[in-house]
Structure formats: C-alpha cells, structure tokens
Number of protein chains: 2
Amino acid sequence: MSTHRFAVNVAPKPGILDPQGRAVEGSLGHLGIGGVSAVRVGRRVELTVDASDEGAARTVVERLAAELLSNPLIEAYAIESIAGASSTTGVSSTTGVSSVGAGEG
Amino acid sequence: MSTHRFAVNVAPKPGILDPQGRAVEGSLGHLGIGGVSAVRVGRRVELTVDASDEGAARTVVERLAAELLSNPLIEAYAIESIAGASSTTGVSSTTGVSSVGAGEG
C-alpha cells in the first residue's frame, strides 16, 4: 500500500456560461486593474488515496472526478499528481497534468 | 506587451473547517470507494494577463489573488503559470507552482 496525493481541477467547458468569472471581471475596474481577461472560475479538490500502487490510486481518482466531483455535461476536469501533502498550503515544485476529462456533453 | 495565462488555486487553510470536503468524504461510501481521505475543496481561477513582461503580469495576479480571489483569514492561495490557453480544458504538460500566499490569519 502506498499513499498518493492528487488534485482534481474542474472548470466550466468552453462555451458554457461562467457567471463567477464574469463577476471577477466586473470587479477588476473597482480595483484599478487592467489587462486581465478570459477569467474562468472552477473548483480544485485535493485528496489523498491509499492504494496498492499509483495506477490503482489514479483509477480511483478518475472515477471520483467523473462521477462525483464534476458534471460532465458542463464541466471538464484534469487530474494532477501532487508531490507533497498539499500543493496549495505548501510549496510543491513538481506537478503534472496527465489526464483531461472531456465528457460527452 | 505579452500575454500570460495563470491559475490561482485557493484552498481552506489547515485547521479551517471544510464542509464541502466533508460532504465529498461522506459520499464516498455510497459510491463504494475506499481509501480516500483528507479531501479539501477549494477554487481554481484561470485568467489571462496582458502585461509588459511576465514579472509585471505576475504582480497583477498576486494582487488579484490576495485582494479579490481569496479570503486571507481562512484561505491560502498558490499561483501557477499555465503554458497553454487553459490547463483544465486542454492538455498542459508543464505547470509550476511558484508562489504560495500564507496570509496573516
């Protein structure tokens, strides 16, 4: 058994409305910030998986991402392997996006 | 002027309650999935910045992340440079987490 930490990045598919992204863009003027465009707001789920090897762990994460963490009609996901215990709350030097879920939407 | 694409990953700080993470963990049993723990649910914001160089673009993203995209009392953020137009909706082979915001919480 080994322990693996992953992140699942979920974002609205191209062409799908993203009201949160529009809200961020609308706030930029109040902050006096220019030059920012194409804002997309999604979710990032980090989790730890105990499995026999990394392949088995990734299979679990793939299933979770497709069945629980994303809505395949309107969202795409990407699975990322995180070296440390947590990428956002600690410095992680190597990450790799290795899987992208397109859904059938 | 050059164009740069970034992602800002925002996650609840260690020790801060994460009800969405608990909800995901609670759903694992219904899916018959075991071995998953330490689920943390955060946001991921992808955006494009036009600036004179990458340093200037990163300065803009740092300010956005600290002032608009995260709540420094309860959330930490990490800024990631994305090679392609979008990491979640296209395959991106190189990402690097280079900045972690700890806040003063």
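Chain letters run A, B, ... following the sequence lines, proteins first, then strands; residues in each count from 1.
Of the listed residues (B/Asp50, B/Leu69, B/Val60), the one with the most heavy-atom contacts under 4.5 Å to chain A is B/Asp50. Chosen from A/Leu47, A/Val8, A/Val61, A/Val24, the residue pairing most often with chain B at heavy-atom distances under 4.5 Å is A/Leu47. Most heavy-atom pairs under 4.5 Å with chain B, from the set A/Ser27, A/Gly42, A/Ala51: that is A/Gly42. Chain A forms the most heavy-atom pairs under 4.5 Å with one residue out of B/Ala57, B/Gly21, B/Ser37, and that residue is B/Ser37.
By the side-chain contact (heavy atoms from CB on, under 4.5 Å) test, B/Ala38 pairs with A/Arg5, A/Thr48, sequence neighbours left out.
Put simply, the side chain of B/Ser81 never gets that close to the backbone of B/Phe6: no donor and acceptor are under 3.5 Å apart.
Using a 4.5 Å heavy-atom cutoff, the side chains of A/Ile16 and A/Asp18 are not in contact.
Of the residues B/Arg43, B/Arg44, B/Arg40, the one that meets the side chain to side chain contact (heavy atoms under 4.5 Å, CB included) test with A/Arg44 is B/Arg44.
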